[in-house]
Amino acid sequence: MVSRTASQADTGTVNRVLRILSAFAARDRWPLNELARELDLPRGSVHRLLKLCRPLGFVDQDAEGLYTPGIELYRVAGKLAAEMPINRLAGPLLQGLRDATDETAMLVLLSRQDLRIFISDIAWPSHPLRYTVPLNQLQPLTWGAAGRSILAFMEAAEIEEAIGQAATSPLNGRPLDVPELRETLARIRAQGYATSYAERAPDMHGIAVPLFDRAGQVRGNLMLTVPHFRFDEAEQQRHLGLLREACAELARRLGWR
């Protein structure tokens with residue numbers, strides 16, 4: 001339950017908005033009536049405040065009409081990366097992957113309402129040539145192991161919507177090859193992981209293993225990137241085993257297993 005403190009301050013707009021945003025920490029999808037009842041506020045007032053939050057990106061509404069956290073709320077949390085529980089729990093695992101491979105290890109998370117991904121945390125190797133990308137920047141699901149390892153396990157309608165966005169390559173702007181994407185997604189579902197080469201960065205190989213929550217919903221992945229001149233196909237199975245172990249351990253730490 002969302003904690004409530006009865007006071008005269010409850011009548012203030014700022015107080016009410018903060019209570020609404022705090023409600024998303026307890027539950028990430030709210031029907032309007034249930035949210036108003038949970039906060040013990042008039043339905044009309046909650047609806048008005050939600051409408052004020054939406055243009056700023058702090059609140060969104062899904063296809064079923066339920067209210068969800070907006071991307072700006074996620075981005076504000078992302079800026080406090082060190083305080084994100086999943087980053088704290090994943091950090092040592094990323095460092096372990098980096099140390100075992102001497103390559104870049106990343107935690108990639110799904111922003112489901114935006115049908116995009118963002119890199120939440122990175123463990124950098126000592127090599128000067130490595131995969132570099134800004135944290136918490138939204139990227140398409142349709143390119144590279146980072147996105148496709150997640151997209152393959154989403155709902156069919158979500159896959160079609162992501163394809164319909166027709167995002168061009170973040171590397172060179174080439175159009176999306178939809179038949180190739182569908183074949184790749186089917187292969188990823190069958191094998192349980194994704195690989196890619198030079199889809200998001202030149203001469204970079206990626207390998208990603210998806211991360212699932214307790215309900216079986218894909219939430220992100222752990223992945224490694226390797227520059228082509230250091231890539232050894234014989235090492236890929238070892239890397240895959242390390243990623244699978246790290247994903248299983250992260251799911252256990254999060255209570256998702």
Side-chain angles (χ1 to χ4, degrees), residues 78 81 84 86-111 116-154 169-171 181 184-185 187-213 218-254 256-257:
M84 288 180 66
I86 191 169
N87 281 11
R88 290 203 304 270
L89 295 173
L93 299 173
L94 293 177
Q95 294 161 19
L97 287 168
R98 175 202 60 200
D99 294 344
T101 63
D102 206 17
E103 301 295 351
T104 303
M106 300 188 295
L107 169 65
V108 180
L109 298 179
L110 169 66
S111 177
R116 290 179 178 269
I117 56 169
F118 61 95
I119 297 174
S120 184
D121 199 8
I122 299 179
W124 306 104
S126 59
H127 300 297
L129 183 56
R130 60 197 185 188
Y131 186 72
T132 58
V133 65
L135 295 175
N136 305 307
Q137 183 178 89
L138 292 175
Q139 303 178 44
L141 281 161
T142 46
W143 294 94
R148 293 182 176 190
S149 64
I150 296 171
L151 184 61
F153 296 96
M154 295 176 71
S169 167
L171 176 61
L181 174 62
T184 299
L185 295 181
R187 183 168 63 252
I188 293 168
R189 283 190 290 271
Q191 64 192 18
Y193 66 94
T195 60
S196 61
Y197 172 64
E199 289 200 11
R200 291 183 180 272
D203 296 323
M204 281 286 178
H205 293 264
I207 178 170
V209 172
L211 179 67
F212 299 89
D213 65 17
V218 65
R219 299 287 294 272
N221 65 55
L222 294 179
M223 70 174 297
L224 291 167
T225 62
V226 184
H228 184 65
F229 77 92
R230 285 202 303 266
F231 180 73
D232 181 356
E233 192 169 354
E235 282 286 281
Q236 185 163 288
Q237 285 304 309
R238 185 177 75 89
H239 290 174
L240 179 60
L242 292 169
L243 285 166
R244 283 174 167 161
E245 290 175 6
C247 272
E249 176 59 19
L250 181 55
R252 187 192 69 79
R253 293 182 181 188
L254 289 164
W256 289 350
R257 202 175 175 203

* To do: Spell out, as yes or no, whether a donor-acceptor pair under 3.5 Å connects the side chain of Asp203 to the backbone of Phe229.
  => no
* Determine, stepwise, if the pair Leu135 / Phe118 fulfils side-chain contact (heavy atoms from CB on, under 4.5 Å). => CA-CA 7 Å; Leu135 295 175; Phe118 61 95; over 6 Å; no
* Determine whether Leu93 and Arg253 make a side-chain contact, defined as any pair of heavy atoms from C-beta on separated by less than 4.5 Å. => yes
* **Which atom of Ala194 lies closest to which atom of Ile188, heavy atoms considered** => CB-CD1, 3.6 Å
* To do: Going by the side chain to side chain contact (heavy atoms under 4.5 Å, CB included) test, name the single residue among Leu211, Ile150, Asn221 that passes it with Leu110.
  => Ile150
* How would you list, by chain and number, every residue that makes a ring pair (Phe, Tyr, Trp, His ring centres under 6.0 Å) with Tyr193, sequence neighbours excluded? -> none
* ring pair (Phe, Tyr, Trp, His ring centres under 6.0 Å) partners of Phe231, counting only residues at least two apart -> His205
* Side chains of Leu250 and Leu89 in contact at under 4.5 Å (non-hydrogen atoms) -> yes
* Asked: Which value, rounded to the nearest 0.5 Å, describes the distance between Met154 atom CE and Leu185 atom CG?
  -> 11.0 Å
* Taking the side chain as every heavy atom from C-beta outward, state whether Leu141 and Ile117 have any atom pair closer than 4.5 Å. => yes
* Asked: Any idea which heavy atoms bring Phe153 and Gly192 closest together, and the distance?
  -> CZ-CA, 4.2 Å
* **From CG (Asp99) to CG (Leu242), nearest 0.5 Å** => 11.0 Å
* Spatial distance of atom CD (Glu249) from atom CG (Leu254) [nearest 0.5 Å] -> 10.0 Å
* Asked: Should Ile119 and Gln139 count as side-chain neighbours, where that means a heavy-atom distance under 4.5 Å?
  -> yes
* If you look at every heavy atom in Gly91 and Asp121, which pair is closest and at what distance? -> CA-OD2, 4.1 Å
* Structure fact -> Minimal heavy-atom distance between Asn136 and Ser120, with the atoms involved, is OD1-CA, 4.2 Å
* Please examine the side chains of Leu181 and Arg148, heavy atoms only from C-beta on, and report whether any two atoms are closer than 4.5 Å. => yes
* To do: Start with the C-alpha gap between Thr104 and Leu224, add the side-chain angles, then the distance that decides, and say whether side-chain contact (heavy atoms from CB on, under 4.5 Å) holds.
  => CA-CA 6 Å; Thr104 303; Leu224 291 167; over 6 Å; no
* To do: Side-chain contact test, heavy atoms from C-beta onward, threshold under 4.5 Å: evaluate it for Gln236 versus His239 and give yes or no.
  => no
* To do: Could you grab the distance from atom OG1 of Thr225 to atom CD of Glu103, nearest 0.5 Å is fine?
  => 7.0 Å
* Do you know which two heavy atoms are closest between Cys247 and Leu222, and how far apart they sit? -> N-CD1, 3.7 Å
* Donor-acceptor pair, Arg200 side chain versus Trp143 backbone, under 3.5 Å? -> yes
* **Between CD1 on residue Ile122 and CD on residue Gln95, distance to nearest 0.5 Å** => 13.0 Å
* Once you round to the nearest 0.5 Å, how far does CG of Leu109 lie from CZ of Arg116? -> 16.0 Å
* Side-chain contact, heavy-atom cut-off 4.5 Å: Met204 with Ser196? -> no
* Taking every non-hydrogen atom, the tightest pair across Ala208 and Ala145 -> CB-O, 3.6 Å
